[in-house]
Structure formats: C-alpha cells, structure tokens
Amino acid sequence: MLPTPYIKCDYDKVYEPSEDSFLVLDSLEKDISFLNERFQNQLAIVGEIGPGSGIVTTFMMKNGVPSKSTSLYFALDISPWALEATKETAKLNECSEKDSYLEVIQSDLTTSLRKKQVDILVFNPPYVPAEDVPEVPSTREETDQWLDLALLGGKDGMVITQKVIDQLDYILSPKGVAYILFCARNKPEELVAKVMETQPWNVELVEHRKAGWEVLSVYRFSRSNESII
Ligand SMILES: C[S@@+](CC[C@H](N)C(=O)[O-])C[C@H]1O[C@@H](n2cnc3c(N)ncnc32)[C@H](O)[C@@H]1O
C-alpha cells in the first residue's frame, strides 16, 4: 500500500482532505501498473487541477506516479492559499527538486495549459450541487469564499467539471489520461454514456465508494482513437 502524505494545513483556508481525496489516491494506486506501462521510457507531464492541500500531487510525486525519475509535475489552483499549501505539503514530505520537479501555478482551470501536452491529469472538482458557482473572491483574506469555491459546483455540481471535460481533447497528449471524481448527484453514468456516444473517448470507472450518504466515483478518460492523432 502506497503511503499517504503527511499534511499540516490551515483548514480555514484550504479544503481538508476527505473521503473524495482518499478515493482519488486509491484510484491512482489501483491504476499504477496501467500508468507505468503506458508511460514507460518517456518523460511524462503529470498534473492536478485544484490541488487544495496538495495531498494528491504530493502522493504522485512521493510515490512516483507514473515513474519517479521520468515525470514533471504541475499543480494549478485558483486559490492562492491552495498554491501555498501545495508547496508546503511537497516540502514537508521531502519531495525535493533533486527527485522530482513541481511547478505550482495560479490558474483558472486549464487556461494556463498548452495544446496536447498533459499525459496524466487529476481533478477532484468542486462537485456539490448549488444554485451557482461562487464568484472568485477579490482578496486573499476572504477565506470563507475561497473555501466555497472548493466545494460548490453549480447546477448538478457539474458546471466546473464540465468545463474541464470540454477541454480534455485540447490539453491531453495523444496517450493522455484524466482521472476525475464525481458524486452520485453529478449523474456520472449519464455523462459517461453521452461522452462515449458522441466523442472519441473511453471512460472507465476506476473506483467507487459510499461515503456517508454520498456515493463517490473516479472515472478514467482516455482517447479511443489515440493511434490516429
Ligand atoms: C474539492 S477541492 C480538492 C482539493 C484536493 N485536490 C483534494 O483532493 O483534497 C477542489 C479544489 O479546486 C480548486 N478550484 C475551484 N475552482 C477552481 C478553478 N476555477 N480553477 C482552479 N482551481 C479551482 C479549489 O480551490 C480547491 O482547491
């Protein structure tokens, strides 16, 4: 079993790792052979959108997902607190630049990414259904609002997730894969059926788990026509 990073963050400012975060870690661990094989003997660009505390990014760096010596890592979050926490968590877990390189960037979702560069993308989104996606706070000090942004996903909890799914073709490399977490209220089965019917993607359920009254799942997205890109 791969070790979970040590985390020491102020949870009044960043999302506290919860069942969803741990399901993402378990999904990556379950898929590690698949990832190692898929990206062997190549430099892999591995990143996370919305790292929060940095638990997932640090887990990947620390445990070599896909393979420690040949990966570059990035973490993109809109919250300045999440960026600081991610750097701190990597440092606390001794992910030094000597072993693996991490770039932490303030970014609204995928807007800072270039075309077809990302090999592995992980996203545990704000997935809780809400009337609206909250406004981005105008100052760092509005910590409650930064936390709301980490949770609330607008209609069906899918507004933010859908934006990332719509960008997958643009950002993923030909062999690229994305791991995305959903809750049952996001209606992931409906989404997966629609995506597979209308777009050239394979979408596979990697892990699912009941967490309190919620059912969480992680799906892996990959191109079904990777050989012709
Ligand atoms: C549910 S938390 C996940 C945190 C962490 N990855 C984990 O699994 O514990 C969602 C994260 O997405 C970030 N986020 C929300 N909206 C975003 C946006 N438009 N662009 C980038 N990051 C965003 C939040 O700041 C938060 O860190």
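All heavy atoms count here, side chains included; hydrogens, waters and symmetry mates do not. Order of listing sets the numbers, starting from 1, for every ligand and every atom in it. Positions are given from 1 along the sequence. All values derive from a computational prediction rather than experimental measurement.
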Task: Element-labelled atoms of ligand 1 that are located less than 4.0 Å from some non-hydrogen atom of Gly52 - done: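 Ligand 1 atoms under the 4.0 Å threshold to Gly52: 4 (C), 27 (O).
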Open item on the list: Within ligand 1, which atoms have a heavy atom of Glu48 less than 4.0 Å away?
Closed with: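 Result: 6 (N).
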Are any of the N or O atoms of [X] closer than 3.5 Å to those of ligand 1?
X     : answer
Tyr15 : no
Ser79 : no
Gly50 : yes

Open item on the list: Below 4.0 Å, non-hydrogen atoms only: which portion of Ser18 touches ligand 1? Side chain, backbone, both or neither.
Closed with: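 It is neither part, as no heavy atom is under 4.0 Å.
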TODO: Mind checking whether Glu16 contacts ligand 1 via backbone (N, CA, C, O), side chain (CB onward), both or neither, at a 4.0 Å heavy-atom cut-off?
DONE: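 Looking at Glu16 and ligand 1, no heavy atom falls under 4.0 Å.
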Tell me the protein heavy atom at minimum distance from [atom], and give that distance in Å.
atom                    : value
atom 20 (N) of ligand 1 : Leu109 N, 2.8 Å
atom 5 (C) of ligand 1  : Pro51 O, 3.2 Å
atom 23 (C) of ligand 1 : Ile78 CG2, 3.7 Å
atom 8 (O) of ligand 1  : Asn124 ND2, 2.9 Å
atom 19 (N) of ligand 1 : Asp108 OD1, 2.8 Å
atom 7 (C) of ligand 1  : Ser21 OG, 3.4 Å

- [ ] Measure the shortest side-chain to side-chain distance between Arg209 and Val215 over non-hydrogen atoms and say whether it is less than 4.5 angstrom.
- [x]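 Of all side-chain heavy-atom pairs linking Val215 with Arg209, none is under 4.5 Å.
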TODO: Determine whether any heavy atom of Pro125 lies closer than 4.0 Å to an atom of ligand 1.
DONE: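 Contact check Pro125 vs ligand 1: positive.
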- [ ] Run the contact test for Lys163 against ligand 1 with a 4.0 Å cut-off on heavy atoms, strictly below, and give the result.
- [x]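 It does not; every heavy atom stays at 4.0 Å or beyond.
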Open item on the list: In this structure, is the centre-to-centre distance between the rings of Tyr179 and Tyr219 below 6.0 Å?
Closed with: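 So the answer is no for these two rings.
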Open item on the list: Looking at Asn186 and Tyr127, would you say the former's side chain and the latter's main chain have a donor-acceptor pair under 3.5 Å?
Closed with: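 Checking the backbone N and O of Tyr127 against the side chain of Asn186, a donor-acceptor pair under 3.5 Å is found.
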Task: Basic-acidic side-chain contact under 4.0 Å: Asp132, Lys155 - done: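 Looking at Asp132 and Lys155, the cut-off is not met.
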Task: Residues Arg220 and Asp31 bridged, charged N to O under 4.0 Å - done: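 Yes, charged N to carboxylate O under 4.0 Å.
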- [ ] Return the option from Gly153, Gly54, Ala150 holding the heavy atom at the smallest distance from atom 1 (C) of ligand 1.
- [x]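 It is Ala150 whose heavy atom sits nearest to atom 1 (C) of ligand 1.
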Open item on the list: For atom 16 (N) of ligand 1, tell me which residue out of Val122, Leu149, Leu181, Leu152 has the closest non-hydrogen atom.
Closed with: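 Answer by nearest heavy atom: Leu149.
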